[in-house]
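Because the structure is predicted, anything quoted here is derived from the model rather than measured. The sequence lines fix the lettering, A, B, ..., with proteins before strands; numbering per chain opens at 1.
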There are 2 protein chains.
Amino acid sequence: MTHPQPFVLRDNDTGGTTYTIGELAREFGITTRAIRFYEDEGLLSPQRVGSKRLYRRRDRARLKLILRGKRLGFTLAEMREAFELYDEAHGEARQLKYYLSVLEEKRAQLLQQRQDLEETLEELEQSYSHCRQLLETQERQGKATEEKDLPAPRSSTGT
Amino acid sequence: MTHPQPFVLRDNDTGGTTYTIGELAREFGITTRAIRFYEDEGLLSPQRVGSKRLYRRRDRARLKLILRGKRLGFTLAEMREAFELYDEAHGEARQLKYYLSVLEEKRAQLLQQRQDLEETLEELEQSYSHCRQLLETQERQGKATEEKDLPAPRSSTGT
DNA sequence: AAAAAGGTTGACGTATACGTAAACGGTAAC
DNA sequence: GTTACCGTTTACGTATACGTCAACCTTTTT
């Protein structure tokens, strides 16, 4: 499995799929600035080829985790903590136990969030169908109305 | 229903349950500063009694919504928008339609978030049981270890 | 050789969501 | 009356997460 590769590495070949910073930025719809920032904050540590950063599958996976974490409201510091713990916890029992306690904490947090989410979704859907009912009633009554499907009908007498 | 109340209002009685800013802050575990800030940002508009703010059931409900929204990652600006739309949408079809489109957008956002959440929870639980297995294996092997249940076992040779 | 298209490191700017302190007003208790 | 406690406004400070230049390399294309 880990025997030396009998091939001559051609230039950019580091023995696996790699990505430039621009490719990742495009793929995930973020800026290169953001990706470098995550590195500054200790969340990524890509290889270097000359002065350029080279991202591998693991880096890409972490970036994915970062973005998902962000959507869930985790701060970059929290995620760095998590990554560090994960990296360090491969052995000693104390580390493992601490890691477990952190995981439980995060779990509780996510469960609370799921609760919030379900509640909000329900209210949102109630609001939605209530609105649709109102609309239907209106449309049956006043057929003389023009102007439909306007995108942003805020105030019309502005400066 | 809306006939004038035949009672003389006694001092603080505004005809319903009311709260001071301090009460709300304590109840929700936030600072009064935060509550005033939400008002500055147009998310709350309590009555005034003299110079003091007086919060009613509706204000409290909104505060609850604000805090839940925050836990879900909504910005204050987004929530103010939502409140304004809700308040304005009680009538005209155009407003209602716009409101509906916004609701759909939010719904999509929340569904994505639920997806993220479920994925994260699953990975977290896998990580959890993997860790526990590691621990059990270790404990069966090395019984000579001391020091258990340490809370934060980070590096010990710091400055 | 010159331009275009990527990459690099600073360094400063910005929006959000408050924290913190100052300086003041009202009122209830001692 | 003064201490304590609650409230008020004004204003500056701060952490997070980048955006936005600037000024500079490479490498490739023309």
* Looking at every strand, decide which applies to A:Arg26 at a 4.0 Å heavy-atom threshold: base, sugar-phosphate, or nothing. => nothing
* What is the distance, rounded to the nearest whole Å, between atom CG of A:Leu44 and atom P of D:dC18? -> 12 Å
* So, is A:Lys70 close to the D:dC18 phosphate, meaning a side-chain N or O under 4.0 Å from OP1 or OP2? -> yes
* To do: Return the value, rounded to whole Å, for the distance between atom CG of B:Leu43 and atom C1' of C:dA17.
  => 11 Å
* Asked: Distance check: side-chain N/O of B:Arg53 vs OP1/OP2 of D:dG7, anything under 4.0 Å?
  -> no
* To do: Identify whether any heavy atom of B:Thr32 sits under 4.0 Å from a base atom; if not, whether one sits that close to sugar-phosphate; answer base, sugar-phosphate or nothing.
  => nothing
* **Between CZ on residue B:Arg132 and CG on residue A:Leu96, distance to nearest 0.5 Å** => 12.0 Å
* Rounded to whole angstroms, how far apart are CD on B:Glu78 and C1' on C:dA17? -> 14 Å
* **Distance, rounded to the nearest Å, where B:Leu54 contributes CG and C:dG26 contributes P** => 18 Å
* Asked: How close or far is atom P of D:dA15 from atom CZ of A:Phe74, stated in whole angstroms?
  -> 23 Å
* So does B:Tyr38 get a side-chain nitrogen or oxygen closer than 4.0 Å to the phosphate oxygens (OP1/OP2) of C:dA17? -> no
* Interatomic distance, A:Glu123 atom CD to A:His130 atom NE2 [nearest 0.5 angstrom] -> 14.0 Å
* Structure fact -> Separation of D:dC18 atom P from A:Leu63 atom CG, nearest Å, is 11 Å
* **Value in whole Å for how far the P atom of C:dG10 lies from CZ of A:Arg33** => 12 Å
* B:Arg56 to B:Tyr19 six-membered ring, cation-pi geometry met (6.0 Å, 45°) -> no
* Flag for A:Thr120-B:Arg68: side-chain donor and acceptor within less than 3.5 Å -> yes
* Upstream residue (5' side of DNA chain C) when B:Glu41 and A:Thr20 are each assigned their closest nucleotide -> A:Thr20
* Asked: Hey, is the side chain of B:Arg36 poking within less than 4.0 Å of OP1 or OP2 on C:dG19, counting only N and O atoms?
  -> no
* To do: Supply the atom-to-atom distance B:Lys64 NZ to A:Glu119 CD, rounded to the nearest 0.5 angstrom.
  => 9.0 Å
* To do: Check the distance between C:dG10's P and A:Glu39's CD and give it to me in whole angstrom.
  => 12 Å
* Name the residue closer to the 5' end of DNA chain D, choosing between A:Ala34 and B:Lys52 according to the nucleotide with the nearest heavy atom. => B:Lys52
